[in-house]
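Written below as structure tokens is the structure these notes are about.
Only a predicted model underlies this, so the values are computations on that prediction, with no experimental measurement involved. Labels below follow one simple rule: chain letters A, B, ... track the order of the sequence lines, proteins then strands, and each chain is numbered from 1.
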Amino acid sequence: MDETKGTTGSGTDFIRRQIATDNESGRYGGRVVTRFPPEPNGYLHVGHAMAICLNFGIAEEFGGQCHLRYDDTNPEKESEEFARSMERDIRWLGFDWGEHLYYASDYFERMYECAEVLIEKGLAYVDSQPLEAIREGRGTVTEPGTASPYRDRSVEENLDLFRRMRGGEFEDGAHVLRGKIDLASPNMLLRDPVLYRIRHAHHYRQGDAWCIYPLYDYAHCLEDAFEDVTHSVCTLEFDNNRALYDWVLDNVGFDEPRPHQYEWAGLDLENAVLSKRAIKPLVDAGLVTGWDDPRLATIAAFRRRGVPPEALRLLSDLVGVSKSGARTEEAKLDFAVREVLNATAPRVMAVLDPLKVVVTNYPAGSGEVFDAPYFPHDVPGEGTRSVPFSRELYIERTDFSERPPKGFRRLVPGGEVRLRYAYVIRCDDVVKDADGRVTELRCSYDTASSGGAVSDGRKVKGTVQWVSASHALEAEVRLFEPLLLDSPDLPDGAPEIDITERVNPNSLIVLSGVKIEPSVAGDDPETRYQFERTGYFRRDPVDSVGDRLVFNRIVGLKSTYRDPAATTGAGDEVESDVPPARADRPPSAPPAPSVKPQISDERIAARAADPDLAARFDRYQSQLGLTSEQADLLTGTRAAGDMFEAALTVHDDAVALAGWIVTEVRGLLGDRGLTELPFGGKELGRLAGLVAGGQVSRLAAKDVLARMAEVGGDPAALVERMGLSAVTDEGALGEVIATTLAAWPDKVEEYRAGKKNLLGLFVGEVMKATRGAADPQAVRKLLTQRLDS
RNA sequence: UGCCCCGUGGUGUAACUGGCAACACGUCGGAUUCUGGUUCCGAAGAGUCUAGGUUCGAUCCCUAGCGGGGCAACCA
């Protein structure tokens with residue numbers, strides 16, 4: 001299973017780690033059930049593709065299952081057509097939900113029953129306020145909400161009203177069902193969220209069976225629970241919704257093990273246009289040809305363009321899973337596409353911008369056929385095709401230069417170039433039209449170079465692709481550039497630029513009159529080719545019909561050649577001896593030293609309210625020698641100070657005790673309060689005493705403390721039971737050190753060569769070997785002695 | 001502004017219980033090459049947002065701050 005982890009880094013992501021943890025603890029009895037839950041209201045895009053790869057990928061890796069579920073709870077936006085397109089997209093990506101295809105709308109009855117449970121528990125009520133009033137009553141982020149006058153309706157009344165809502169007695173908006181949670185919650189979603197609304201609308205699957213519809217936060221968790229989903233993965237923006245997810249499940253009565261929600265960042269791909277909001281106006285304005293326009297980032301567009309599904313799966317691995325919303329460079333997608341295509345795409349020759357070449361010493365009217373392999377020697381594919389050669393050919397206009405820049409390796413007047421798989425030719429003459437534009441090259445071929453091999457051993461550095469003029473197929477080729485121009489930085493408050501104004505006029509480049517070798521005529525139209533030296537292409541499935549050949553460029557080939565003229569026009573590239581200034585980081589980032597003492601307002605307020613705390617704060621500093629920070633942290637609450645005082649009764653090193661409480665104990669707390677710990681100040685004091693007395697090392701003491709935080713107990717007994725008594729005997733230590741160093745011979749070498757921070761590694765290993773019982777300072781001393789001698 | 005999430009090379013992610021800052025993309029060299037592709041080899045590039053603290057030792061624990069993002073629909 002480790003092999004499937006992906007290629008980014010050696011670790012695994014937090015979601016898979018969570019699942020592994022759950023499997024170990026037996027939380028779900030080893031079951032792993034994920035789901036991909038789109039609303040069928042549009043087309044899927046690369047972002048969805050990543051979610052699909054994640055959820056289905058996890059299911060595959062853990063031997064679980066992934067459900068495809070349509071979250072079709074909003075009758076106004078959904079359609080069967082969208083649902084079918086999504087299935088097609090998911091299959092295309094290579095995933096299969098088997099029998100696990102579900103519709104949220106099939107659960108309406110069960111959801112309704114759950115709502116009655118909530119009402120009966122007094123946890124939901126029918127609110128008859130208009131929408132605006134509900135909104136207002138929710139308060140603002142800084143002020144709590146106010147209760148609806150209907151909030152305290154009786155269970156009976158609520159039940160009656162809710163049933164009549166379902167019965168269709170009321171108009172849209174007349175009532176809603178709300179959860180009764182907390183109008184003052186800092187999480188706005190918990191301020192009595194709307195669970196059901198009345199909507200007399202036709203649902204694409206349920207027809208008119210329902211006129212009340214559940215809202216996302218209520219419905220989604222139930223859908224997961226009904227399907228016994230274990231790990232419900234969604235994107236970051238649902239983070240705040242998790243509390244509500246849990247509230248609904250807990251109160252409806254889904255006990256553990258029940259589904260839990262986890263959020264990850266999803267994909268934000270550079271230059272990708274994917275949201276419905278963005279695409280719709282572009283389609284409407286005719287600026288793109290449809291939802292599958294290859295410049296878009298919908299899955300349909302990728303498919304039409306020719307991107308192989310494996311590339312998207314690879315991208316998913318490359319991007320990884322995290323909680324930091326970050327942008328993926330387009331180069332990463334390009335890499336994934338090339339990586340897949342390099343290994344699979346047959347090579348073929350095409351000339352995008354043809355320049356005629358007449359081979360003057362090749363007899364007119366005759367010709368021959370070369371047998372050319374589809375794959376180069378270093379790619380495992382097999383097969384060949386016939387490539388006809390004749391007196392008149394086309395080569396790429398950019399493969400000839402009258403005044404070649406330095407480093408130019410193609411045809412020049414009087415120079416030689418190899419026609420791939422055919423002959424070496426020499427340019428004898430350049431024919432131009434009245435405007436001085438090159439119209440034809442007159443060349444002669446080396447008759448001894450058939451197949452491209454040079455007999456006399458001279459070097460021909462350039463090889464170019466070519467197509468026989470009389471045999472060539474004519475095609476249209478489409479190249480794609482980013483669809484949108486960068487939006488300029490707008491001053492705050494300026495209206496946003498309409499997306500239709502940002503369309504890059506050169507986002508679609510149509511090349512007509514492209515010459516392609518005839519072999520492609522008989523190929524499967526789905527074939528993805530590499531046009532040698534130019535890129536990866538595939539026939540456009542929509543427009544390449546009948547005799548008409550239309551190719552889309554999927555992605556260009558990577559190129560390390562840069563035409564110097566194209567960049568600066570200054571001819572040879574001059575190596576600048578002054579490195580360009582790093583423009584992205586302002587050199588003088590304001591350091592702004594923190595003048596403010598590190599004391600929180602909250603604790604100051606606590607002391608102002610409680611004179612005892614204030615007194616302690618002063619005494620700790622003046623009499624016990626604590627820093628203001630330590631004193632502050634110990635006097636923000638009663639509990640901290642009490643623990644400290646209690647500890648002081650058994651051990652008198654105030655500074656050390658403060659350190660233990662301020663950093664170590666607080667670090668173990670998690671969500672717990674100080675008073676919820678199964679040990680008190682006295683135990684902590686005794687532990688500190690053991691450390692001070694040398695009976696146990698500080699490191700081992702931390703393990704003891706961790707155990708105390710879990711189950712409590714007497715420190716001395718724990719030290720004994722855990723076998724952590726300090727090892728101070730230098731002989732015993734010396735032995736451990738010797739074995740450690742013997743186990744890391746190469747690291748020892750590196751250390752001696754100067755990588756001094758490896759000392760930490762050795763110390764760590766020795767500490768590990770003694771299970772933290774050794775005295776690290778002694779270890780360090782012995783280690784340096786031995787290593788430096 | 002209230003709450004929540006997140007800060008590690010140019011980019012995306014790793015770093016086990018606190019102990020070698022790693023991998024990939026990109027960039028730049030070199031070798032190979034009948035594709036300026038591929039493959040191979042190599043290099044540069046971060047000392048982990050900042051400032052304090054705890055520790056023998058901090059990317060990791062504590063504190064204060066800074067920065068970025070999200071939420072605040074009878075959408076999902």
Side-chain angles (χ1 to χ4, degrees), chain A residues 6-13 38-39 41 71 73-74 76-77 131 134-135 138 140-143 172-173 176 185-189 191 194 196-199 213 215-216 220 236-241 263 265 318-329 331-332 335 338 342 347 376-379 407 409 418 420-421 451-453 460 462-465 530 532-533 557-561 584 589 591-594 596-600 627 629-630 632-633 659-660 662-664 666-668 698-699 703 706 747 750 755 757-765 767-768 775-777 779-780:
Chain A
T7 52
T8 50
S10 56
T12 186
D13 60 79
E39 182 187 16
N41 69 344
D71 208 355
T73 56
N74 182 355
E76 281 151 337
K77 308 199 297 191
L131 192 154
I134 291 178
R135 224 175 254 172
R138 197 129 35 209
T140 68
V141 289
T142 44
E143 305 152 45
D172 287 5
V176 292
S185 172
N187 181 349
M188 297 292 287
L189 291 171
R191 321 248 263 224
V194 174
Y196 267 94
R197 56 177 176 156
I198 301 173
R199 194 100 324 170
Y213 289 92
L215 265 10
Y216 170 85
H220 199 91
L236 246 29
E237 69 263 28
F238 291 98
D239 186 356
N240 290 314
N241 301 58
E263 310 87 26
L318 255 23
V319 166
V321 178
S322 78
K323 287 184 85 110
S324 41
R327 170 155 289 216
T328 297
E329 288 178 330
K332 192 129 358 197
F335 165 80
R338 291 190 192 114
N342 176 54
R347 320 284 135 130
H377 65 280
D378 50 5
V379 173
R409 291 212 233 138
R418 174 168 23 242
R420 179 140 233 226
Y421 301 125
V460 177
T463 299
V464 302
Q465 81 276 20
Q530 183 192 103
E532 293 215 41
R533 304 210 308 133
L557 245 34
K558 202 173 138 184
S559 172
T560 52
Y561 174 69
D584 41 346
S594 78
K596 199 178 165 189
Q598 299 181 8
I599 289 177
S600 86
T627 65
E629 189 184 324
Q630 287 170 323
D632 171 50
L633 288 165
W660 277 102
V662 165
T663 65
E664 308 300 349
R666 287 180 86 101
L668 288 167
R698 213 197 115 96
L699 184 61
D703 285 346
K747 297 292 177 187
E750 279 179 52
K755 195 170 175 185
N757 63 351
L758 279 172
L759 187 63
L761 170 70
F762 300 130
V763 176
E765 289 302 313
M767 295 304 287
K768 226 177 274 175
D775 170 18
Q777 280 179 79
V779 171
R780 188 166 278 256

Taking B:U55 as the reference, what is the distance to B:A72 when you measure between their P atoms (whole Å, please)?
45 Å

Provide the distance between the two P atoms, one in B:G10 and one in B:U35, to the nearest whole Å.
36 Å

Heavy-atom closest pair (A:Gln465 atom, A:Arg533 atom, distance to 0.1 Å) is OE1-NE, 3.0 Å

When rounded to the nearest 0.5 angstrom, what distance separates OH in A:Tyr561 from CZ in A:Arg409?
9.5 Å

Quick check: on RNA chain B, is the nucleotide nearest A:Glu750 upstream (toward 5') of the one nearest A:Gln777, or the reverse? Name the residue that is more 5'.
A:Glu750

When rounded to whole Å, the CG to P distance for the pair A:Leu557 and B:U38 reads 7 Å

Scan A:Tyr216 against the nucleic acid and name what it touches under 4.0 Å (heavy atoms): base, sugar-phosphate only, or nothing.
base

Rounded distance in Å between the C1' positions of B:U13 and B:G7:
14 Å

Determine if the base of B:G42 is syn or anti; take syn to mean the glycosidic torsion is within 90° of 0.
anti

Have a look at A:Glu39 and say if it touches a base, only the backbone sugar-phosphate, or nothing, with a 4.0 Å heavy-atom cut-off.
sugar-phosphate

Assign A:Thr73 to base, sugar-phosphate, or nothing according to its heavy-atom contacts below 4.0 angstrom with the strands shown.
sugar-phosphate

What heavy-atom pair brings A:Leu318 and A:Phe335 nearest, and what distance separates the two atoms?
CD2-CD2, 3.7 Å

Integer-rounded Å distance: B:U38 P and A:Phe335 CZ:
10 Å

Is A:Thr328 touching bases, backbone alone, or none of the nucleic acid, heavy atoms closer than 4.0 Å?
nothing

Give one of base, sugar-phosphate or nothing for A:Asp239, where a contact means two heavy atoms less than 4.0 Å apart.
sugar-phosphate

Hey, which of these two, A:Asn342 or A:Gly667, hits RNA chain B nearer its 5' end, going by closest nucleotide?
A:Asn342

From B:G36, B:C6, B:U35, pick the nucleotide closest to the side chain of A:Glu532?
B:U35

Rounded to the nearest 0.5 Å, how far does CG of A:Asp172 lie from CZ of A:Arg199?
5.0 Å

Between A:Asn187 and A:Asn240, which heavy-atom pair has the shortest distance, and what is it?
ND2-O, 3.0 Å

Touch check for A:Arg199, heavy atoms < 4.0 angstrom, all strands: base, sugar-phosphate only, or nothing?
base

Interatomic distance where CD belongs to A:Glu263 and C1' belongs to B:A76 [whole Å]:
15 Å

Taking salt bridge (Lys or Arg N to Asp or Glu O under 4.0 Å) as the test, write out the residues that go with A:Arg347, two or more places apart.
none

Over all heavy atoms of both residues, which pair between A:Met188 and A:Thr140 is shortest? Give the atoms and the distance, please.
SD-O, 3.9 Å

Ignoring the backbone of A:Leu761, work out which of B:G37, B:C71, B:C20 is nearest its side chain.
B:C20

Using a 4.0 Å heavy-atom cut-off, does A:Gly325 contact any base of the nucleic acid, only the sugar-phosphate backbone, or nothing at all?
nothing

When the P atoms of B:G29 and B:A22 are considered, how many whole Å apart are they?
24 Å

Would you classify A:Ala265 as touching base, sugar-phosphate or nothing, given that sugar-phosphate means primed atoms plus P, OP1 and OP2, and contacts are heavy atoms under 4.0 Å?
nothing

Base, sugar-phosphate or nothing for A:Gln530? Non-hydrogen atoms, less than 4.0 Å.
base

Check this one for me: any side-chain N or O of A:Thr140 less than 4.0 Å away from OP1 or OP2 of B:A72?
no

For nucleotides B:U11 and B:G18, find the distance between their P atoms and express it as a whole number of Å.
29 Å

Taking CG from A:Leu633 and P from B:C62, how many angstroms apart are they, rounded to a whole number?
11 Å

Take atom CZ of A:Arg533 and atom C1' of B:G37, then tell me their distance rounded to the nearest Å.
10 Å

B:U54 to B:C62 separation - C1' atoms, rounded to the nearest Å
7 Å

Indicate, with a heavy-atom threshold strictly under 4.0 Å, whether A:Arg418 touches base, sugar-phosphate, or nothing.
base

Among B:G36, B:U54, B:C25, which nucleotide sits nearest the side chain of A:Ala331?
B:C25

For A:Asn41 and A:Lys77 the tightest heavy-atom approach is CB-O, 3.3 Å

Does A:Ser185 make a side-chain N or O approach to OP1 or OP2 of B:C3 shorter than 4.0 Å?
no

Below 3.5 Å, does any donor atom in the side chain of A:Asn757 face an acceptor in the base of B:G47, or the other way round?
no

A:Glu765 CD to B:G57 P, straight-line distance once rounded to whole Å:
19 Å

Separation between the C1' atoms of B:U50 and B:U38, rounded to whole Å
45 Å

Under 4.0 Å between any heavy atoms, over every strand shown, what does A:Asn241 touch: base, sugar-phosphate, or nothing? Just pick one.
base

Using a heavy-atom cut-off of 4.0 Å across all strands, would you classify A:Gly462 as base, sugar-phosphate, or nothing?
nothing

May I have the distance from A:Arg191 (atom CZ) to B:C74 (atom P), rounded to whole angstrom?
14 Å

Requiring both pairing distances under 3.5 angstrom, list the stems that contain RNA chain B and are made of three or more consecutive Watson-Crick or G-U pairs.
B:2-7 with B:66-71, B:10-13 with B:22-25, B:27-31 with B:39-43, B:49-53 with B:61-65

Donor-acceptor contact present, side-chain A:Gln630 to main-chain A:Thr627, <3.5 Å:
yes

Is a donor-acceptor contact shorter than 3.5 angstrom present between the side chain of A:Glu143 and the base of B:G2?
no

Look up atom CZ in A:Arg780 and atom CG in A:Leu759, then write down how far apart they are to the nearest 0.5 Å.
4.5 Å

Using the P atom as the reference point in each nucleotide, state the distance between B:C16 and B:C23 in Å, no decimals.
16 Å

Which is true for A:Leu699 with a 4.0 Å heavy-atom rule: it touches a base, it touches only sugar-phosphate, or it touches nothing?
base

Is the shortest side-chain N/O distance from A:Arg327 to OP1 or OP2 of B:U11 below 4.0 Å?
no

A:Thr663 side chain N/O closer than 4.0 Å to the phosphate oxygens (OP1, OP2) of B:G53?
no

As a quick check of understanding, evaluate side chain to side chain contact (heavy atoms under 4.5 Å, CB included) for A:Glu76 and A:Tyr213, giving each step before the final call.
CA-CA 11 Å; A:Glu76 281 151 337; A:Tyr213 289 92; over 6 Å; no

Does B:U38 have its OP1 or OP2 closer than 4.0 Å to a side-chain nitrogen or oxygen of A:Arg338?
no

With distance as the sole criterion, do the side chain of A:Arg780 and the base of B:C56 form a donor-acceptor contact below 3.5 Å?
yes

Classify A:Glu329 by what it touches in the nucleic acid, base, sugar-phosphate, or nothing, heavy-atom distance under 4.0 Å.
base

If you look at every heavy atom in A:Leu758 and A:Glu750, which pair is closest and at what distance?
CD1-CB, 3.5 Å

For B:C74, take OP1 and OP2 only and decide whether either is under 4.0 Å from a side-chain N or O of A:Arg138.
yes

Does A:Arg347 put a side-chain nitrogen or oxygen below 4.0 Å from OP1 or OP2 of B:G37?
no

How many whole angstroms separate atom CD of A:Gln630 from atom C1' of B:A64?
15 Å

